[in-house]
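Reviewing the structure listed below.
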Amino acid sequence: MNIQGTPTRTIHARPDCSGVEIIDQTLLPHRLEFRTLHTLDDAAEAIAVMRVRGAPLIGATAAYGVALGLEDDAHDAALEAACARLLATRPTAVNLRWALERMQGVLVPLPAAQRRAAAWNEAAALADEDVALNQAIGRHGLALIRAHHERTARTVQVMTHCNAGWLATVDWGTALAPVYAAFEAGIPLHVWVSETRPRNQGAALTAWELAQHGVPHTVIADNAAGHLMQQGQVDLVIVGADRVAANGDVANKIGTYLKALAAHDNRVPFYAAVPGPTIDWRLANGSGIPIEERAAAEVTHIQGATDDGHVASVRLTPPQSRAANPAFDVTPARLVTGIITDRGVCPATAAGLAALYPEGGRA
Ligand code: MRU
């Protein structure tokens, strides 16, 4: 996607494999800074503190993290330790486990001397595939947006939550891929961006990337979403996912469930946009999805920029008040109108997903 008019990916290896370039997302939207990951520890830290975040980008960073981790020692114990270190960074996005298992599947059978080069190649292939999967999601979601526009001949009002855009993937995004595809196709549309407390990925990241690309959008407080749906100002909701169980239950950023409830009550179609690697075929339903509990400071404090551009964190709550910070929730499949995948749109059911991914149940 575009940054100041230049097409850019969120992650790439340096041509000589001396490091991996990322955008430090903790600084957006106030500062755009690229950062180089040189070591396994750099990659693990970047995932844990959310310099990179979003399920597909977490997976791609972990794959590159394995390559970085094998630079000094590519024997079995080092490979195993690198994967264990990366797997421990964040629990909810299944793309992390998926990427690490894919790397291990390719690397374990090879002699140690061949593993470094193979790891860089496999990480690059995984990143390229992420772009292709998201473009396919974009094409399938575009058909839904186009159909809506053809029915109403009005600007299509899409609501999204958190950031499941370009910044959450290697390129294009999942929930925002259909938005970008519709924008490129000239379909008039407008995006309601919910701020996504506590970390404000909507207000900080989704708004920033939509602005960079020139897509019309409006940021709203999370609590405004139900009201806008009730007022008929939302045509469809599209969110991303960190893990979808085999029955179509969707884990995504905290607050997604509330949006799904409001959408259901107001008969607003509610879609999750999901690439194949986000489906966890080992979980029959969403009750087993691990929900990350993050630091209370993300709730008690908020980060922003002063008018002179200084980025600061300020306290919101009384010092003696405790805060809880569950980072994800699970939306039951019955509230999900459909899942927009890289292979097409399907009902959020075991049969719907299995029809698109017949190999999935055997994974
Ligand atoms: O905590 P985050 O910012 O990593 O959470 C991101 C989300 O919840 C996204 O919606 C999800 O990962 C899908 S990204 C294409």
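Note that ligands are numbered from 1 as they come in the structure, with each ligand's atoms numbered from 1 the same way.
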Q) When only distance counts, is His161 in polar contact with ligand 1, meaning an N/O pair under 3.5 Å? A) no
Q) Any idea which part of Asn163 is under 4.0 Å from ligand 1, heavy-atom wise: side chain, backbone, both or neither? A) backbone
Q | Charged N-O contact under 4.0 Å between Glu21 and Arg9 | A | no
Q | Residues Lys259 and Ser194: side-chain donor-acceptor under 3.5 angstrom | A | yes
Q. For Ala55 and ligand 1, does the shortest N/O to N/O distance drop below 3.5 Å?
A. yes
Q) Taking the six-membered ring for Trp, are His213 and Tyr180 parallel (under 30°), tilted (30 to 60°) or perpendicular (over 60°)? A) perpendicular
(Q) If I take atom CG from residue Leu316 and atom NE2 from residue His301, how far apart are they, to the nearest 0.5 angstrom? (A) 8.0 Å
Q: Distance to 0.1 Å, residue and atom name: give those for the protein heavy atom nearest to atom 5 (O) of ligand 1.
A: Lys253 CE, 3.3 Å
Q. Heavy-atom contact under 4.0 Å between Ala327 and ligand 1?
A. no
Q. Any idea which atoms of ligand 1 are less than 4.0 Å away from a heavy-atom of Ala164?
A. 10 (O), 14 (S), 15 (C)
(Q) Tell me whether Arg53 has any N or O atom under 3.5 angstrom from an N or O of ligand 1. (A) yes
Q. Salt bridge check: are Arg243 and Asp280 linked by an N-O gap of less than 4.0 Å?
A. yes
Q.
Between ligand 1 and Arg90, can you find any atom pair, the residue atom being a heavy atom, that is separated by under 4.0 Å?
A. yes
Q: Check ligand 1 against Gln201 and write out every atom of the ligand that is under 4.0 Å from a heavy-atom position of the residue.
A: 1 (O), 2 (P), 3 (O)
Q) Do any heavy atoms of Cys162 fall under 4.0 Å from ligand 1? A) yes
Q) For atom 13 (C) of ligand 1, which protein heavy atom lies nearest, and how many Å away is it? A) Ala241 O, 3.3 Å
Q) Side-chain donor-acceptor pair under 3.5 Å between His310 and Asp308, yes or no? A) no
Q.
Surrounding CZ of Arg294 (heavy atoms of other residues, nucleotides or ligands, distance under 6.0 Å), is the total greater than 12?
A. yes
Q.
I'd like to check whether Asp242 has a polar contact with ligand 1, where a contact means an N/O of the residue lying under 3.5 Å from an N/O of the ligand.
A. yes
Q) Hey, is Ala93 one of the residues with a heavy atom under 4.0 angstrom from ligand 1? A) no
**Q.** Distance filter under 4.0 Å to Met50 heavy atoms, resulting ligand 1 atoms
**A.** 1 (O), 2 (P), 3 (O)
Q: Could you tell me the residue and atom name of the protein heavy atom closest to atom 15 (C) of ligand 1, and the distance to it rounded to 0.1 Å?
A: Thr174 OG1, 2.9 Å
**Q.** Carboxylate-amine/guanidinium proximity below 4.0 Å for Glu292 and Arg199
**A.** no
(Q) To check your reading of the model: name the closest protein heavy atom to atom 14 (S) of ligand 1, its residue, and the distance in Å. (A) Ala168 CB, 3.5 Å
Q: Please round to the nearest 0.5 Å and tell me the distance separating atom CZ of Arg53 and atom CD of Gln25.
A: 5.0 Å
Q: Would you mind telling me if ligand 1 is within reach of the side chain of Arg199, the backbone, both or neither, using heavy atoms under 4.0 Å?
A: neither
Q: Provide, to 0.1 Å, the distance between atom 9 (C) of ligand 1 and the closest protein heavy atom, together with that atom's residue and name.
A: Asn252 OD1, 3.4 Å
**Q.** Test: Arg343 and Glu359 ion pair at under 4.0 Å
**A.** yes
Q: Considering only NZ, NE, NH1 and NH2 on the basic side and carboxylate oxygens on the acidic side, decide whether Arg90 and Asp242 come within less than 4.0 Å.
A: no
